[in-house]
Protein chains: 2
Amino acid sequence: MGSTQLEPVPEPKYWHLKTVLSDALDSEFAVGEILPNERELAARFGVARATLRQALEQLELEGRLQRRRGVGTTVAPPRMGVAVTDPEHSWPGAPGDAWQPVDAAEQTPPGAVARLLDMDPATSLHTVRRTRKTRGQPVATEVLYVPAAGVPGLAADAPPTGPARAHAVLRELQRLRLEGQDQAVELGSARADDAKQLDRLPGSPVLVVTTRYFSGGRTAAVAVATYRADTCRLTFGDATAPAVQLLAG
Amino acid sequence: MGSTQLEPVPEPKYWHLKTVLSDALDSEFAVGEILPNERELAARFGVARATLRQALEQLELEGRLQRRRGVGTTVAPPRMGVAVTDPEHSWPGAPGDAWQPVDAAEQTPPGAVARLLDMDPATSLHTVRRTRKTRGQPVATEVLYVPAAGVPGLAADAPPTGPARAHAVLRELQRLRLEGQDQAVELGSARADDAKQLDRLPGSPVLVVTTRYFSGGRTAAVAVATYRADTCRLTFGDATAPAVQLLAG
DNA sequence: CAGTGGTCTAGACCACATC
DNA sequence: ATGTGGTCTAGACCACTGA
């Protein structure tokens with residue numbers, strides 16, 4: 001990163017700065033290495049700190065950098081490939097899925113979820129919270145919504161909250177015939193609680209995966225999963241080429 | 001949007017501001033309506049313009065707002081659902097696909113693409129550029145990379161560039177047996193040329209979809225598609241539930 | 001041309017991690 | 001206590017759109 005000054009160019013400074021930094025990351029830094037701090041970098045390139053930060057923000061968005069308050073800015077490893085399609089299109093909680101149940105409760109759904117499930121927003125339903133880790137790092141949180149009508153067999157003496165209840169709800173799901181599923185991916189920003197679990201600041205960019213599970217001719221459950229956009233590459237495999245899919249990480 | 005002042009809270013101002021604006025969008029504004037300008041809004045909430053802009057940026061990231069230089073800030077319509085899985089897992093260019101060929105050429109691949117195709121980065125290959133529109137709006141650009149070895153039948157007298165060449169390359173692909181495909185989604189920022197085609201500023205957040213096509217036991221083609229993250233929700237359908245898939249828009 | 005959002009500056013203070 | 005990134009301010013000027 002020998003460059004000390006930016007030559008005048010028509011494009012925005014932060015954009016030019018970004019490409020200069022990006023090249024430097026490729027050629028002069030190793031994964032995990034700490035960059036000079038923001039004030040130092042800004043001075044070195046002769047720009048205001050806010051301008052430098054605009055460049056760093058973009059590089060973080062692209063997964064090239066990781067910034068942590070109180071610590072510093074480090075070079076990020078390549079994004080992890082995380083498989084998003086459930087194995088063999090099975091229910092959440094099936095043996096071998098990557099998620100760990102955290103909690104469960106019974107409550108009324110957010111409006112958007114009620115619409116997806118085509119139900120009265122005032123009706124309460126089962127919610128199961130789960131998290132997912134890859135290589136020890138939390139990569140996603142999820143809330144699974146299951147209308148009570150979908151799992152009538154849930155034991156009346158199941159605990160009202162907690163991991164045990166989560167397991168009980170998931171167990172009931174396995175008894176249903178899964179007829180298909182449906183997924184959508186969009187960009188979002190982390191809510192405060194998700195951010196905490198993902199070890200990020202509120203508002204960090206996340207990839208939101210909405211999955212609908214069909215059973216008995218209707219939508220029997222909806223899962224809303226929130227993945228860290230900086231560290232994750234979501235993979236959608238194809239059963240026709242199973243061998244190659246495994247290389248995607 | 002009657003609120004004139006922000007009461008002091010422990011959370012960042014821009015975060016609080018975002019939720020206040022978000023509520024106002026739900027209750028007081030219609031899709032397409034123009035908000036007051038940034039200086040006006042900042043004054044109304046008693047914050048600096050930069051702080052207000054931080055809130056607007058997040059709302060734009062979430063697809064709630066659309067900002068256009070010289071015009072103003074408008075309330076965005078709900079995101080469009082765009083199907084990303086090729087119909088019946090067919091080759092690009094098959095009848096009925098949503099893409100329109102723009103151009104084609106022969107050139108050497110970027111390093112990342114060479115790795116995906118497991119080929120020497122110095123070898124040239126066919127590149128086909130395509131775009132995709134939904135409801136008249138450009139939503140994605142794509143570059144398709146096809147190693148020359150994969151389509152040996154390409155007529156020697158095919159035009160060296162232009163849409164006609166694009167069609168010629170796509171036509172050759174149809175002759176191969178497609179054995180499977182593989183997709184990955186990650187967050188990126190728009191390169192200058194993509195941004196122009198998508199009618200956005202360079203650096204805008206985009207969803208990058210990488211598709212690998214398998215034929216003859218190897219990766220026969222790679223497509224890198226860039227979708228506007230603000231307006232698109234990528235849907236991955238399931239053949240088991242075709243009827244529902246159509247509702248996803 | 002006037003009005004909009006986009007870029008940029010030079011400061012200040014805060015929240016957090018580490019020693 | 002020190003040093004980091006995160007938030008915030010009050011300005012300035014630029015690039016673009018549309019009348």
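Here is how names work: the chains are called A, B, and so on, in the same order as the sequence lines, proteins then strands, and each is numbered from 1.
Here the C1' atom of nucleotide D:dC8 and the CG atom of B:Leu17 are 12 Å apart, to the nearest Å. Rounded to whole angstrom, the span from the CG atom of A:Leu35 across to the P atom of D:dT4 amounts to 12 Å. If you take CZ of B:Phe45 and C1' of D:dT9, they are 18 Å apart, rounded to a whole angstrom. Computed from coordinates, the A:His16 NE2 to C:dC8 P distance equals 12 Å when rounded to whole Å. In this entry the distance linking CG of A:Asn37 with P of D:dG5 reads 5 Å, nearest Å.
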Discussion item. Before you tell me yes or no, could you show the steps for B:Thr74 and B:Gln66 under side-chain hydrogen bond (donor to acceptor under 3.5 Å, both in side chains), namely the whole-Å CA-CA distance, both residues' side-chain angles and the distance that decides it to 0.1 Å?
Written reply: CA-CA 5 Å; B:Thr74 57; B:Gln66 183 152 5; 4.9 Å; no
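The OG1 atom of B:Thr19 sits 6.0 Å away from atom CD of B:Glu11, with the distance rounded to the nearest 0.5 Å. The distance from atom OG1 of A:Thr73 to atom CG of A:Leu35, rounded to the nearest 0.5 Å, is 6.0 Å.
Residues of residues 195-207 of chain B that place a heavy atom closer than 4.0 Å to DNA chain D do not occur. Of the residues in residues 50-69 of chain A, those lying under 4.0 Å from DNA chain C by heavy-atom distance are A:Ala50, A:Thr51, A:Gln54, A:Arg69.
Remark: A:Thr73 is not in phosphate contact with D:dT4, judged by side-chain N or O atoms under 4.0 Å from OP1 or OP2. For the OP1/OP2 pair of C:dC8 and a distance below 4.0 Å, the side-chain nitrogens and oxygens of A:Tyr14 include no atom meeting the criterion.
Contact check on B:Arg132 versus B:Asp97 returns no salt bridge, with no Lys/Arg side-chain nitrogen under 4.0 Å from an Asp/Glu carboxylate oxygen. In summary, B:Arg129 and B:Asp103 do not engage in a salt bridge, as defined by a charged side-chain N under 4.0 Å from a carboxylate O.
Place A:Arg39 and B:Glu38 on DNA chain C by their nearest nucleotides, and B:Glu38 ends up nearer the 5' end. Mapping A:Val71 and B:Arg49 onto DNA chain C by nearest heavy atom places B:Arg49 closer to the 5' end of the strand.
Partner A:Pro92 forms a side chain to side chain contact (heavy atoms under 4.5 Å, CB included) with one of A:Val169, A:Val128, A:Leu144, A:Val146 and no other, that one being A:Leu144.
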Identify every side-chain donor-acceptor pair in residues 45-55 of chain A under 3.5 Å, counting partners at least two apart or on other chains, and give the distances.
unit_1, atom_1, unit_2, atom_2, d
A:Arg49, NE, A:Glu38, OE1, 3.0
A:Arg49, NH2, A:Glu38, OE1, 3.0
A:Arg53, NH1, A:Glu38, OE1, 3.2
A:Arg53, NH1, A:Glu38, OE2, 3.0

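Under the 3.5 Å distance criterion, with hydrogens and angles disregarded, a donor-acceptor pair is assigned to the side chains of A:Thr211 and A:Gln183.
B:Arg64 is listed as a side-chain neighbour of B:Ser22, based on a closest heavy-atom distance under 4.5 Å.
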